[in-house]
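Written out below as structure tokens is the structure these notes cover.
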Amino acid sequence: MLTRMSTLFLRTLREDPADAEVPSHRLLVRAGYVRRVAPGVFSWLPLGYRVFRNVERVVREEMDAAGFQEVHFPALLPREPYERTNRWTEYGPNLFRLADRRGADYLLGPTHEEMFTLLVKDLYSSYKDLPLCLYQIQTKYRDEARPRAGILRGREFVMKDSYSFDTTDAGLEASYQRHRDAYIRTFDRMRLQYTIVSAMSGAMGGSASEEFLAACDVGEDTYVRCTTCDYAANVEAVASVAPPPVPLDGLPAAHVEDTPDTPTIETLVALSNARPELARADRPWHAGDTLKNVVVKVVQPDGSSAPLVVGLPGDREVDLKRLEAVLLPGEPVAFEEADFAAHPALVKGYIGPGALGADKPAGIRYLLDPRVVEGTRWITGANQPGRHVFDLVAGRDFVGDGWIDVAEVREGDPCPVCAAAGREGALTQARGIEIGHIFQLGRKYAEALDLTVLDEHGRQVVVTMGSYGIGVSRAVAAIAEQHHDDKGLVWPREIAPADVHLVATGKDEAVFEAAEGLAAGLVESGVRVMLDDRRGVSPGVKFNDSELIGVPLIVVVGKKLVDGVVEVKDRASGERRDLAVDGAVSGIAAQVRALP
RNA sequence: CGGGGCGUAGCGCAGUGGCUAGCGCGCCUGCUUUGGGGGCAGGAGAUCGGGAGUUCGAAUCUCCCCGCCCCGACCA
């Protein structure tokens, strides 16, 4: 394959585009790979489309190698299947909707679970047909409230989505594992550095869902890793470690105190330490000694709502994402003045365990952070304005209706796996881009769409499913994020738009003839060549373009040609060497094959 | 949806009441230069986001609208 820069549809930009913030967006636009069309909607130019198809090819090859079968659904879908799963409604404003000339409703597919499930239901009805894994590489549409970071989060994007169909839990586990292995091979070939994190808390069952997060500071996901073991999880899925319970004997009795002018945790702690009769003997009070009771209103899909109070140490905030994940399908909304008026038992700013719990007159559900174990003593609200209760002991003076693990996760928090094993391991936080997600859907979905097969005893059994996704267009951006320097992109070979960027410099006709000859020889031996055969373009421009575009090997045919040599530079390492023109083809071809 | 910022040539920007709207890059023509975005000369390219208003006069002031970017909310 030979690409001539003299005719290539390309215009590199000398300056950064004003609307691009993150490196991948900036460089992909500057190097002439993509152009923005609308918010979150991009066109792929020749170089960019080549890179895109390389990523797509790697995905397809690994899916095929794993034995999965490719299908292709339309992006334009009728309303009916999505009505059957209630997603026409549930998807809300994120769904691109349209109507045909008769007024019939259509949508642009945001994901295709319905279509896959119904297709299998349509054609298969025996356990003998399973297991089955189908996949497609499809353009997806989601009307994101805020697309961002170029092609990292678009409204139109390309995704590989697969679905597995099994009759047994063990079968699902095996299908899941096959996908996991295929994903590892896929992302390794793309030279992405990533972490596989648990996307569900341990309580909900271990490996049922994992995300592949490419390490990247501008990524949208926050995850934790243990410094001593291999535990890794999305922050939404981290299980907090409860401290050991404290014996109740000898703990001071609870006492209610006037605490005027203490609207915040800080002022409350300051007052508690300032007044001698309230101070602790062993150490000063900390914010973490206060029990903060956060009230939210939980709205259920049927429209009903009820207050929920979460009790947690005062030095931590409730992590909204974690809370939402736990409350699904309910949705937490802010508790407003009108809500307080409707629940007089809740004294704003002074809510305490004394008024809380399903068994109390007010009947308000009260859930506790795992750190509020038996024997811990707290300063907390006394359910009267201007008063707090001190030395209120969990398990002695109050209990919750249960536990809820929704406090923010912090750098340095203990690792749950290490804690369970009696080791000391701490969590560190990092940001990542979600490039893949594997998920054991189970039977819930098949039940909703009535996907059953007959088993060997002739009984109807509900199929169990897995769903698996790779963001193909997003992977292009993720690779760009991880493979660039201050001069431009630095593609891994398999992803790069060419293997060799052959630059002819100067105005000596012999240089161009030699470059043409070299290019022809390389193409002959199977090397993909991009030849900068532009006349009258200064060497500086050509060098800068070659570095910006990021092809892994740069070969310069120029002033050294009179000595019979050309220069070969590794884009990633910057290493360069001179090579005799005679035999340069085989030398370069060998170096190309040795590239990562 | 809340907060912030920005809309002037293909791109990056200057111009805050004055007559013909400017600079750099890019583009076209000619000459020159050829190992790090070179030089000289000439040229094309703009409904100054849109509308309404104030004024002798509006890119500039006022009002309304639209769009884009960033942060947050949201995100199978």
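Lettering of chains follows the sequences in order, A, B, ..., and the numbering in each one begins at 1. None of the values given here were measured: they were computed from a predicted structure.
We find that A:E509 and A:R535 are joined by a salt bridge, their nearest charged nitrogen and carboxylate oxygen being less than 4.0 Å apart. Residues A:R26 and A:E21 are not paired through a salt bridge, judged by the lack of any N-O separation under 4.0 Å between the basic side chain and the carboxylate.
Of the residues near RNA chain B, A:G150 and A:R87, the one whose nearest nucleotide (by heavy atom distance) lies more toward the 5' end is A:G150. Mapping A:M159 and A:G40 onto RNA chain B by nearest heavy atom places A:G40 closer to the 5' end of the strand.
Taking every side-chain heavy atom of A:K507 into account, B:rU34 is the closest of B:rG36, B:rU34, B:rC69. Of the listed nucleotides (B:rC70, B:rG35, B:rA76), B:rC70 has the atom at the smallest distance from the side chain of A:E21. If you check B:rC70, B:rC27, B:rG37 against the side chain of A:R148, the one that comes closest is B:rC70. Taking every side-chain heavy atom of A:V541 into account, B:rG37 is the closest of B:rA76, B:rG37, B:rG35. Comparing atom distances between the A:K569 side chain and each of B:rG35, B:rC69, B:rG36 picks out B:rG36 as nearest. Considering only the side chain of A:A18, B:rG12 comes nearest among B:rG12, B:rC70, B:rA76. For A:N544, the listed nucleotide lying nearest its side chain is B:rG37; candidates were B:rG26, B:rG37, B:rC71. Of all nucleotides listed (B:rA76, B:rG26, B:rC69), B:rC69 comes nearest to the side chain of A:D19. The side chain of A:E547 lies closest to B:rG36, out of B:rG37, B:rC68, B:rG36. Side chain of A:R146, nearest nucleotide from B:rG72, B:rA76, B:rC68: B:rG72.
In this model, a side-chain donor or acceptor of A:D545 finds a partner on the base of B:rG37 within 3.5 Å. In terms of polar N and O atoms assigned as donor or acceptor, the side chain of A:E15 never comes within less than 3.5 Å of the base of B:rG26 in a complementary pairing. Under 3.5 Å, the side chain of A:R30 and the base of B:rG37 form at least one donor-acceptor pair of N or O atoms.
The partner of B:rC63, taking Watson-Crick or G-U wobble pairs whose two distances both stay under 3.5 Å, is B:rG51. With a cut-off of 3.5 Å on both pairing distances, B:rA44 has no Watson-Crick or G-U wobble partner at all. Here B:rG2 sits opposite B:rC71 as a Watson-Crick or G-U wobble pair (both hydrogen-bonding atom distances under 3.5 Å). Across all strands shown, B:rU34 forms no Watson-Crick or G-U wobble pair with both key distances under 3.5 Å.
Taking NE2 of A:H112 as the start and NE2 of A:H72 as the end, the distance is 8.0 Å to the nearest 0.5 Å.
Nucleotide B:rC28 holds its C1' atom 12 Å from the CZ atom of A:R11, rounded to whole Å. Rounded to whole Å, the distance from NE2 on A:H25 to P on B:rC69 is 8 Å. Atom CD of A:E210 and atom P of B:rA76 are 19 Å apart (whole Å). What separates CZ of A:R571 from P of B:rG36 is a distance of 18 Å, to the nearest Å.
Counted by atom type alone, A:H179 and A:S164 present zero donor-acceptor pairs between their side chains at under 3.5 Å.
Summarising the geometry of A:L213 relative to A:V197, their closest heavy-atom pair is CD1-CG2, 3.8 Å, with the distance given to 0.1 Å.
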